Amino acid sequence: MTVKKQLLHFAAVTARTLHLWPAINRTGVFNRARRRKYPDTLVHLDVVITECCSLKCRDCSNLMQYYKSPENLDPQEIIESLKSLFCVVRVHELKLIGGEALVSQKALAEILVYLRDEARGSYDEIRIITNGTIMPGDALVKVMKETPGLTVVFSNYGKLSVRKDEFSELCRTQGIDFILNPEDEYWWDYGRPVKYNATDRQTQGKYAGCYARRLCTSLYRGRLYVCPRQAHGIRLGMMPEAEGEYVDLLDTSLSGDKLREAVLGLTDRKDFISACRYCIDGKLVKIPKAVQISGPLDHEQ
Ligand code: SF4
């Protein structure tokens, strides 16, 4: 670790220990720094292409374990949403996610063709996030090879990721960039999606220190959300419909400066969102990753 990184790490640990994140965040210092470095750019965007997954992880922070009838999403609606977004901002890192993205290969290929042919100047990097359980078909491999800036990222769940070696070898031979994450990672516990008894100050603290709200701005069913947990929590009826906490990219009355302001305002947001009341507090508890269950969980249990 370089000296600069060591100092930053020490400052972050000190801020967490002294519960300084809410106060630091409210100054807007991070938002201003990000906006200076990436003007009119979303640094990270998670594009949800399916609710279906080939694994059943008990502690999925995106709440996939609660879907009883998960669906593959309409690629044309996703493309229309991206077109609307790209009219007003660029995206630095665009992630295509599920569920498991490879479950919906036809949609994935269709979206990649759009990004390759019509949106090349609107993003810097594309990442396909996969759990390494499904091999891509020939049509998908072809478009993956032809899409500039594309990297396949394997969430490595050890033995559960049964096709990761075969898939990563295919990437290697086909000249597709890939990253195989280390196997021994853990997850942070976000808790069950129930309303927790926290004060506004404590909830602000969760939001300020939250990894998801900084790295996982999410496009889901035409709406842009601060984080995927809120997007799916609302869809599943576990969290309240949160007017003013998302941007409807398919709303034709929103365009130009108004849309840009709404999009950047969402990603620069300082105040917590209502969904943060449904996350466990910010104690950063580590849990084993990808513990499997046999079927969908019942929210009420
Ligand atoms: S709801 Fe709030 S605390 Fe929970 S993951 Fe999303 S931004 Fe973070």
Side-chain angles (χ1 to χ4, degrees), residues 12 15-17 19-31 34-35 42-48 51 53 57-67 91 93 95 97-99 129 155 185-221 223-248 262-287 289-290 297 299:
R16 185 175 300 148
T17 309
H19 301 287
L20 296 176
W21 280 121
I24 294 170
N25 182 57
R26 286 193 75 90
T27 65
V29 62
F30 294 123
N31 293 342
R34 181 170 58 180
R35 202 50 61 220
L42 295 194
V43 183
H44 303 278
L45 176 67
D46 286 8
V47 179
V48 182
E51 296 153 355
C53 193
C57 300
R58 183 192 63 193
D59 303 302
C60 174
S61 63
N62 288 9
L63 307 177
M64 295 299 131
Q65 67 279 43
Y66 293 100
Y67 275 102
V91 172
E93 182 190 74
K95 286 175 271 176
I97 68 165
I129 313 297
S155 312
E185 281 184 347
Y186 46 80
W187 283 349
W188 297 113
D189 189 12
Y190 285 77
R192 290 179 57 234
V194 294
K195 197 164 184 184
Y196 290 90
N197 199 10
T199 63
D200 282 1
R201 190 165 178 275
Q202 287 166 331
T203 311
Q204 183 64 33
K206 292 187 215 181
Y207 177 74
C210 181
Y211 162 96
R213 68 110 186 167
R214 275 179 274 127
L215 300 180
C216 305
T217 305
S218 296
L219 171 57
Y220 174 64
R221 291 184 179 267
R223 291 177 175 181
L224 197 65
Y225 288 92
V226 168
C227 83
R229 191 171 164 96
Q230 182 186 38
H232 294 293
I234 291 175
R235 173 76 184 167
L236 287 159
M238 297 170 173
M239 296 175 195
E241 179 70 34
E243 200 63 40
E245 295 183 359
Y246 60 82
V247 178
D248 185 349
V263 168
L264 296 179
L266 188 85
T267 52
D268 289 349
R269 186 184 172 103
K270 290 187 215 164
D271 295 326
F272 68 83
I273 51 175
S274 52
C276 301
R277 296 203 184 276
Y278 295 76
C279 276
I280 206 167
D281 66 20
K283 282 184 191 140
L284 299 178
V285 178
K286 290 178 187 177
I287 48 174
K289 71 178 180 182
L297 287 183
H299 174 222

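Computed from a prediction, not measured in an experiment: that's the story for all the values here. Whatever order the structure lists them in is the order used to number ligands and atoms, beginning at 1.
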Report the C-alpha separation of Arg223 and Glu241 in whole Å, then their side-chain angles, then the decisive distance to 0.1 Å, and conclude whether the salt bridge (charged side-chain N to carboxylate O under 4.0 Å, His left out) test is met.
CA-CA 12 Å; Arg223 291 177 175 181; Glu241 179 70 34; 2.8 Å; yes
So if I count the atoms of ligand 1 from 1 in the order they appear, which ones are less than 4.0 Å from some heavy atom of Ala212?
5 (S)
For Ala275, the ligand 1 atoms with a heavy-atom partner under 4.0 Å come out as 1 (S)
Quick one about Tyr66 and His232 (side-chain donor to acceptor, distance below 3.5 Å, no hydrogens or angles considered), yes or no?
no
Do Tyr220 and Glu51 pair up side chain to side chain, a donor and an acceptor below 3.5 Å, judged on atom types alone?
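Present: a donor and an acceptor within the cut-off.
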Run the salt-bridge test on Asp200 and Arg277 with the 4.0 Å N-O cut-off and return the result as yes or no.
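A salt bridge links Asp200 with Arg277.
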Minimum-distance protein heavy atom relative to [atom]:
atom: atom 8 (Fe) of ligand 1; value: Cys210 SG, 2.3 Å
atom: atom 7 (S) of ligand 1; value: Arg213 CB, 3.6 Å
atom: atom 2 (Fe) of ligand 1; value: Cys276 SG, 2.4 Å
atom: atom 5 (S) of ligand 1; value: Tyr190 CE2, 3.4 Å

Give the contacting part of Cys279 toward ligand 1: side chain, backbone, both or neither, where contact means a heavy-atom distance below 4.0 Å.
side chain
Return the minimal non-hydrogen interatomic distance between Pro240 and Ile234, and the atom names on each side.
O-CG1, 3.4 Å
Cys227 N/O/S atom closer than 2.8 Å to atom 6 (Fe) of ligand 1
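It does: Cys227 brings an N, O or S atom closer than 2.8 Å to atom 6 (Fe) of ligand 1.
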Val43 vs Thr267, test: side-chain contact (heavy atoms from CB on, under 4.5 Å). Steps then yes/no.
CA-CA 9 Å; Val43 183; Thr267 52; over 6 Å; no
